[in-house]
Each structure stands twice: as C-alpha cells, then as structure tokens.
Amino acid sequence: MDRSGIFAGDDPFAIARAWLAEAEASEPNDPNAIALATVDPAGLPNVRMVLLKEIEADAFVFYTNYQSKKAVEIEASGKAAFVMHWKSLRRQIRVRGVTEREEGPKADEYYASRSLKSRLGAWASQQSQPLSSREHLMAEVAKLTVTKGTHPPRPSFWGGFRLQPVEIEFWADGAFRLHDRFRWTRETTLDSWGIQRLNP
Ligand SMILES: Cc1cc2nc3c(=O)[nH]c(=O)nc-3n(C[C@H](O)[C@H](O)[C@H](O)COP(=O)(O)O)c2cc1C
C-alpha cells in the first residue's frame, strides 16, 4: 500500500502527534480542540468540544468534571469517540475506543499546572448542572478563594480520561474531493494494527 508523506510510519500516535504539531503552527486557536462524542442510555449521541491534553504512547488524554454529562455517559458505556479537524491544514483525525479514568499523579500534576483561577473554577463549577445565575457561580469562586487558599488540591470529582483507540482514521484533503483516508483498526487495545486505505 502506498502510504507515504504525511501518512507514513508504523505508529498512529506518532502520526497524530506530528499532525498536531503542524496544526499548532498554523491554527489561530486551540489546535488541540476535539469534538468528543458519547451516547446517552437511550443511544442518543452527544457531542461537545474538549481540549486534548496529551497523546501518550497508546492513548489520548483529556480532562473534565467526573459528574458532568459527558463523564456520566463515558462511564456508563466505557467508550467514546472524537474528531479533530484543522481548517488550516484541511485534515481530520477520527478516533474511537475504550476509556478509563486518569486520576493518579498525572492528573494531580496537570491540575497543579493550571492557573489558580482555573483550579478554583474546577472546584466551583458543578459542570452540566443548572445554575441560577452567573453571580452565584462568582460567589462560589470567591468563597473557595478563601477556603481553599492558593494551593487547592485537585477535586476528587475532576480529572482525566484516557481513551485507548481501537480505530483511528487519518484524513487529508485531496484535489477534486478525492481525499486520502487511512483507517487503522485493531480488535482490542492489545492487538496489533491493521491499516486500510478507504474511498473518500
Ligand atoms: C474549545 C473548547 C474547549 C473546551 N475544553 C473543555 C475541556 O477540556 N474540558 C471540559 O470539561 N470542557 C471543555 N469545554 C466545554 C465543553 O464543550 C462542555 O460545554 C462542557 O464540558 C460540558 O459538557 P457536558 O455537559 O456534555 O459534560 C470546552 C469548550 C470549548 C468550546
């Protein structure tokens, strides 16, 4: 199979890292933004943006509130999918797989790296729950600023998810809508990858 240029290599995580690095140089904002898809118990899909914080050797990691809608849906199914698209590069990466929490030292480290306001914001926001007013949220932040001080610990309800893919598709714009697509698949996260070129 002719898989040269930007699609070359035998490690899809390395390809994703290389594409993201290119996007960091060309995107005006949030090159690491992903549209994260989940399903609710009735099978109705849900999608929202989150920021991809790390591409590990075998997984993609993002952070959120464990009581949010997305987290509840992820934990009910143990699965999620995301797409990232870069207008500046005219490329997308699609990922589907299984999830687990990242709530160890790595999550503590990432939480600690955030600004104090963001750390207190994570404490203050009951993400996805109704909020009576913005003033109420700001009052919560003010209260937590006093009670938590300048080194708040990571809330137990806030942390990461690690998505281990069973499918990754790399897509790049081609002339006359004849785009290039390569889909990497594996039965389980323990198996080796198979690669197929797909019709656009
Ligand atoms: C560019 C962008 C990045 C975002 N990044 C995050 C993120 O990293 N984590 C997060 O919990 N929410 C993030 N959000 C907010 C989510 O899109 C969403 O509003 C929130 O997480 C609640 O979603 P849920 O009710 O489906 O759980 C981001 C939104 C945008 C537009």
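The figures here come from the full heavy-atom set of this structure, side chains too, leaving out hydrogens, waters and symmetry mates. Whatever order the structure lists ligands and atoms in, that order sets their numbers, starting from 1.
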Below 3.5 Å, N or O to N or O, backbone or side chain included: is there any such pair between [X] and ligand 1?
| X | answer |
| --- | --- |
| M49 | yes |
| A33 | no |
| Y63 | yes |
| T64 | yes |
| D30 | no |

As an exercise, state the distance from CD1 of I55 to CD1 of I93, rounded to the nearest 0.5 Å. 6.5 Å

How many angstroms lie between atom CZ of R3 and atom CD1 of I195, to the nearest 0.5 angstrom?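 So the CZ of R3 and the CD1 of I195 are separated by 3.5 Å.
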
Among Q129, R48, K70, which one has a heavy atom closest to atom 22 (C) of ligand 1? K70

Shortest protein heavy-atom distance from [atom], along with the residue and atom involved:
| atom | answer |
| --- | --- |
| atom 12 (N) of ligand 1 | Q127 NE2, 3.8 Å |
| atom 8 (O) of ligand 1 | L51 N, 3.0 Å |
| atom 24 (P) of ligand 1 | S128 OG, 3.4 Å |

Is any side-chain heavy atom of N65 closer than 4.5 Å to one of S128? no

So do the side chains of F176 and P200 get within less than 4.5 Å of each other, counting heavy atoms only?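 Answer no - side chains too far apart.
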
Residue pairs fulfilling ring pair (Phe, Tyr, Trp, His ring centres under 6.0 Å) with at least one residue in residues 64-98, sequence neighbours excluded: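 Passing the test, one end in residues 64-98: F60-F82, Y66-F161.
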
Verify the distance criterion only: is there a donor paired with an acceptor across the side chains of Q196 and T185 at less than 3.5 Å?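 The criterion, which ignores hydrogens and geometry beyond distance, is not satisfied for T185 and Q196.
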
Identify whether the distance between the nearest side-chain nitrogen and carboxylate oxygen of R101 and E75 falls below 4.0 Å. yes

For atom 5 (N) of ligand 1, is the nearest protein heavy atom under 4.0 Å away?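 Yes, there is a protein heavy atom closer to it than 4.0 Å.
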
Sole candidate of R91, R96, R181, R183 that passes salt bridge (Lys or Arg N to Asp or Glu O under 4.0 Å) when paired with E169: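 Answer after filtering R91, R96, R181, R183: R181.
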
Contact atoms of ligand 1, heavy-atom distance to S68 under 4.0 Å: 27 (O)

